[in-house]
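Below you'll find the structure, written out as structure tokens, and then a few comments.
The first residue of the sequence shown is numbered 1, and numbering continues consecutively from there. No hydrogens, no waters, no symmetry mates; every other heavy atom, side chains included, goes into these values.
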Amino acid sequence: MQDQDPLYEVGSLSEETLRKLEESGLRMTVQRRHIIDILMRSQCTSPKELWYEAKEYVPDLGIATVYRLINRLEQIGVLSKARNLGIRPLVPKLGNLLDARGKKIRSLEGVKLSEVLRKGLTAAGVVGQNNVIQLTLSGDTINVTLVK
């Protein structure tokens, strides 16, 4: 995709993402694969536009299928709806360390949120020291996935 600011933007839909979709109970049909392919290469500005483009490949595609797939991609953390600004992949990251008055103490840029959470979860006994975690956002919820 180009760096323009499309309404729909999606990161790499790897085999891991397809696996997550299937684990969430979604069968990967020809229709859904076409929709994902279009999300990867297109500059669609609305679900309806995505639907029109996908109907070129799958004439019997219903618009509800498009909406359901978009919702499922959001649920598993691949896409996130940002009000009316569209759908964008989100990578959780830290901003600034502030004092009680809101004054910036220091930037936390470069500090990996996943590492901070992993250490906190390890200290709390939730995960082991050798666990590797992956973070995804779904709305305002941070999901933690044990990778190893």
Side-chain angles (χ1 to χ4, degrees), residues 1-47 50-51 53-54 57-58 61-100 102-148:
M1 293 191 123
Q2 300 169 351
D3 273 351
Q4 288 179 355
D5 193 26
L7 185 60
Y8 284 95
E9 188 176 302
V10 65
S12 172
L13 287 173
S14 63
E15 289 302 316
E16 174 73 13
T17 301
L18 295 175
R19 183 185 59 73
K20 284 181 182 180
L21 279 170
E22 289 175 347
E23 284 177 358
S24 74
L26 195 70
R27 287 183 307 117
M28 284 311 301
T29 64
V30 171
Q31 293 175 329
R32 291 182 181 125
R33 287 192 184 273
H34 278 294
I35 295 167
I36 289 171
D37 182 52
I38 291 166
L39 276 170
M40 292 294 296
R41 64 177 169 72
S42 180
Q43 296 283 323
C44 293
T45 59
S46 71
L50 178 61
W51 176 60
E53 192 169 333
Y57 303 99
V58 187
L61 177 66
I63 195 163
T65 301
V66 174
Y67 279 101
R68 281 192 299 270
L69 181 58
I70 288 170
N71 287 335
R72 187 62 60 97
L73 289 170
E74 183 181 20
Q75 288 171 354
I76 66 168
V78 175
L79 298 177
S80 180
K81 292 179 187 172
R83 293 194 185 149
N84 291 328
L85 300 177
I87 296 176
R88 302 169 184 271
L90 294 178
V91 177
K93 60 184 175 185
L94 292 171
N96 296 308
L97 180 61
L98 309 174
D99 67 14
K103 183 179 177 187
K104 180 179 170 181
I105 297 172
R106 74 175 268 219
S107 170
L108 296 174
E109 188 174 334
V111 176
K112 292 183 177 181
L113 179 59
S114 60
E115 187 58 22
V116 172
L117 280 174
R118 189 190 65 74
K119 286 182 179 182
L121 291 170
T122 301
V126 176
V127 300
Q129 280 188 321
N130 296 328
N131 285 118
V132 175
I133 65 170
Q134 177 182 13
L135 305 179
T136 55
L137 288 178
S138 181
D140 62 354
T141 303
I142 297 175
N143 295 309
V144 179
T145 303
L146 294 177
V147 179
K148 170 177 133 176

Quiz item: Do I70 and L50 have side chains that get closer than 4.5 Å, going by heavy atoms?
Solution: yes

Quiz item: Can you tell me how far the CG atom of L21 sits from the CD atom of Q75, to the nearest 0.5 Å?
Solution: 10.0 Å

Practice problem: Search all heavy atoms of R32 against all heavy atoms of L69 and return the closest pair with its distance. | Solution: O-CD2, 3.7 Å

Quiz prompt | Reported CZ-to-CG distance for the pair R106 and L98, which is rounded to 0.5 angstrom | solution = 12.5 Å

Quiz item: Any side-chain heavy atom of V132 sitting closer than 4.5 Å to one from L146?
Solution: no

Self-check item: Neighbour count >12 (heavy atoms, 6.0 Å) for atom CD, E23
Solution: yes

Self-check item: With sequence neighbours excluded, residues passing side chain to side chain donor-acceptor pair (under 3.5 Å) with N130
Solution: none

Quiz item: Which atom names give the shortest non-hydrogen contact between I38 and A54, and what distance separates them?
Solution: CD1-CA, 3.3 Å

Quiz item: Can you list every salt bridge (charged side-chain N to carboxylate O under 4.0 Å, His left out) pair that touches residues 112-129, not counting sequence neighbours?
Solution: E115-R118

Self-check item: Partners passing side chain to side chain donor-acceptor pair (under 3.5 Å) against S24 (at least two apart in sequence or in another chain)
Solution: R72

Quiz item: Any donor and acceptor pair, going by atom type alone, linking the side chain of W51 with main-chain N or O of T65 inside 3.5 Å?
Solution: no

Self-check item: Separation between CG of L108 and CG of L97, rounded to the nearest 0.5 Å
Solution: 5.5 Å

Quiz prompt | Any residue meeting side chain to side chain contact (heavy atoms under 4.5 Å, CB included) with K103, in chain and number order, not counting sequence neighbours | solution = D99

Self-check item: Results of salt bridge (charged side-chain N to carboxylate O under 4.0 Å, His left out) for E109 - residues two or more places apart only
Solution: none

Exercise. Scan residues 120-134 for pairs that pass salt bridge (charged side-chain N to carboxylate O under 4.0 Å, His left out), counting only residues two or more places apart or in two chains.
Key: none

Practice problem: Rounded to the nearest 0.5 Å, what's the gap from CG on N131 to OG1 on T145? Could you check? | Solution: 12.0 Å

Quiz item: To the nearest 0.5 Å, what is the distance between CZ (R27) and CD (E22)?
Solution: 10.5 Å

Quiz item: Taking it one step at a time, do T122 and V126 satisfy side-chain contact (heavy atoms from CB on, under 4.5 Å)?
Solution: CA-CA 6 Å; T122 301; V126 176; over 6 Å; no

